[in-house]
Amino acid sequence: MQSKATTVDQYIAEAPEERQEALQKLRTTILKHLPKGFEEAISYGMVGYVVPHSLYSAGYHCSPELPLPFISFASQKNSINFYHMGIYADKPLFNWFINEYTKFSKKKLDIGKSCMRFKKPEDIPFDLIGELVSKISVQDWITTYESQLKK
């Protein structure tokens, strides 16, 4: 479900009331741990954290007019989803996250390539997400992204 919101505050306000607190906490957690250089934006109809064109002029290879995506979160029909492109592109980081997740939750992680789905707001491991967010700098993400394009 893509939102037509044009600001992050509007996006969160449009979410179901029972999710708004968790979405705000997710936003606060990300902003607290996000390395310098990434920017918050509405991207693909959800809240995103991107490498702006001022730091990476090539933009996203699929749509060069868009900045390079890194992290997103969304209120979907049945879950709150958190997307982290770094765990998709960096196998050691993915393995670290999977191992650490078991220390934060007894529930089975519902995860795709870069998407984690949390059916209940109280299932979101905010501290672990904060740590994950802090692990990749803008330059590290650009380097990883470009190395994946060459494969």
Side-chain angles (χ1 to χ4, degrees), residues 1-91 93-94 96-98 100-101 104 109-121 123-149 151:
M1 298 185 325
Q2 286 192 351
S3 171
K4 301 289 185 207
T6 57
T7 69
V8 177
D9 289 329
Q10 182 184 10
Y11 182 92
I12 292 172
E14 290 178 354
E17 189 174 336
E18 66 274 8
R19 291 185 179 176
Q20 289 177 10
E21 184 178 339
L23 292 171
Q24 186 58 53
K25 186 172 181 180
L26 193 52
R27 178 190 193 191
T28 302
T29 299
I30 292 168
L31 288 172
K32 179 179 176 186
H33 294 91
L34 194 66
K36 186 177 184 218
F38 291 106
E39 290 183 356
E40 185 177 66
I42 294 293
S43 181
Y44 292 97
M46 57 188 149
V47 180
Y49 299 87
V50 301
V51 179
H53 283 103
S54 62
L55 297 179
Y56 189 68
S57 61
Y60 187 39
H61 73 280
C62 295
S63 301
E65 70 280 4
L66 296 176
L68 178 62
F70 178 54
I71 295 172
S72 300
F73 67 84
S75 178
Q76 300 292 0
K77 182 177 180 182
N78 296 313
S79 59
I80 293 175
N81 294 0
F82 174 76
Y83 306 85
H84 190 286
M85 296 303 292
I87 64 169
Y88 175 62
D90 183 337
K91 185 71 170 163
L93 183 63
F94 176 84
W96 169 85
F97 183 83
I98 297 300
E100 289 297 306
Y101 180 81
F104 288 82
L109 180 60
D110 183 358
I111 188 168
K113 292 182 179 181
S114 72
C115 175
M116 293 159 238
R117 292 167 288 277
F118 302 99
K119 293 198 185 307
K120 297 179 181 175
D123 293 342
I124 301 170
F126 294 102
D127 291 338
L128 179 58
I129 286 174
E131 192 173 343
L132 174 63
V133 167
S134 71
K135 288 197 169 286
I136 300 179
S137 70
V138 168
Q139 189 53 57
D140 289 341
W141 175 232
I142 292 168
T143 300
T144 299
Y145 172 75
E146 288 181 340
S147 74
Q148 295 299 308
L149 282 179
K151 286 185 177 181

Looking at Arg117 and Asp123, is any side-chain nitrogen of the basic one under 4.0 Å from a carboxylate oxygen of the acidic one?
no

Please determine whether a side-chain nitrogen of the Lys or Arg among Lys4 and Glu14 lies less than 4.0 Å from a carboxylate oxygen of the Asp or Glu.
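The answer is no: the pair does not qualify as a salt bridge.
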
I need the minimum non-hydrogen distance between [X] and [Y], along with the two atoms involved.
X: Tyr11; Y: Phe73; result: OH-O, 4.3 Å
X: Pro35; Y: Ser134; result: CG-O, 4.1 Å
X: Pro67; Y: Val51; result: CB-O, 3.2 Å
X: Arg19; Y: Ser75; result: NH1-OG, 2.8 Å
X: Pro121; Y: Ala22; result: CB-CB, 3.5 Å
X: Phe70; Y: Gly86; result: CE1-N, 4.3 Å

Just one of Ser63, Cys62, Pro69 clears the side chain to side chain contact (heavy atoms under 4.5 Å, CB included) bar with Leu66, so which one?
Ser63

Kindly indicate whether the side chain of [X], heavy atoms from C-beta on, has any atom under 4.5 Å from the side chain of [Y].
X: Leu93; Y: His84; result: yes
X: Thr144; Y: Ile136; result: no
X: Val8; Y: Ile42; result: yes
X: Ile71; Y: Leu34; result: yes
X: Ile30; Y: Phe38; result: no
X: Glu131; Y: Trp96; result: yes
X: Tyr101; Y: Met116; result: no
X: Phe104; Y: Phe126; result: no

How far apart are the C-alpha atoms of Phe94 and Ile111, what are their side-chain angles, what is the distance that settles it, and do they pass the side-chain contact (heavy atoms from CB on, under 4.5 Å) test?
CA-CA 11 Å; Phe94 176 84; Ile111 188 168; 3.8 Å; yes

[X] side chain to [Y] backbone, donor-acceptor under 3.5 Å:
X: Gln20; Y: Ala15; result: yes
X: Glu39; Y: Val50; result: no
X: His53; Y: Pro64; result: yes

Would you call the rings of Tyr60 and Tyr44 parallel, tilted or perpendicular, taking 30° and 60° as the class edges?
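Ring orientation of Tyr60 relative to Tyr44: perpendicular.
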
Mind telling me whether Tyr56 and Tyr145 have parallel, tilted or perpendicular rings, with 30° and 60° as the class edges?
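Perpendicular: the ring planes of Tyr145 and Tyr56 meet at over 60°.
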
Rounded to the nearest 0.5 Å, what separation is found between the [atom1] atom of [X] and the [atom2] atom of [Y]?
X: Met85; Y: Cys115; atom1: CE; atom2: SG; value: 11.0 Å
X: Lys25; Y: Thr28; atom1: NZ; atom2: OG1; value: 9.5 Å
X: Leu23; Y: Ile80; atom1: CG; atom2: CD1; value: 4.5 Å
X: Leu55; Y: Trp141; atom1: CG; atom2: CH2; value: 15.0 Å
X: Leu26; Y: Ile129; atom1: CG; atom2: CD1; value: 5.5 Å
X: Gln24; Y: Asp9; atom1: CD; atom2: CG; value: 6.5 Å

For atom CD of Gln10, is the number of surrounding heavy atoms from other residues, nucleotides or ligands below 6.0 Å larger than 12?
yes

Does CD in Glu65 sit with more than 12 non-hydrogen atoms of other residues, nucleotides or ligands closer than 6.0 Å?
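Enclosed.
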
Donor-acceptor side-chain pairing of Asn81 and Ser79 below 3.5 angstrom
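Indeed, the side chains of Asn81 and Ser79 share at least one donor-acceptor pair under 3.5 Å.
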
Let's go through Thr29 and Val133 carefully: what are the C-alpha distance in whole Å and the side-chain angles of both, what is the deciding distance for side-chain contact (heavy atoms from CB on, under 4.5 Å) to 0.1 Å, and is it a yes or a no?
CA-CA 9 Å; Thr29 299; Val133 167; over 6 Å; no

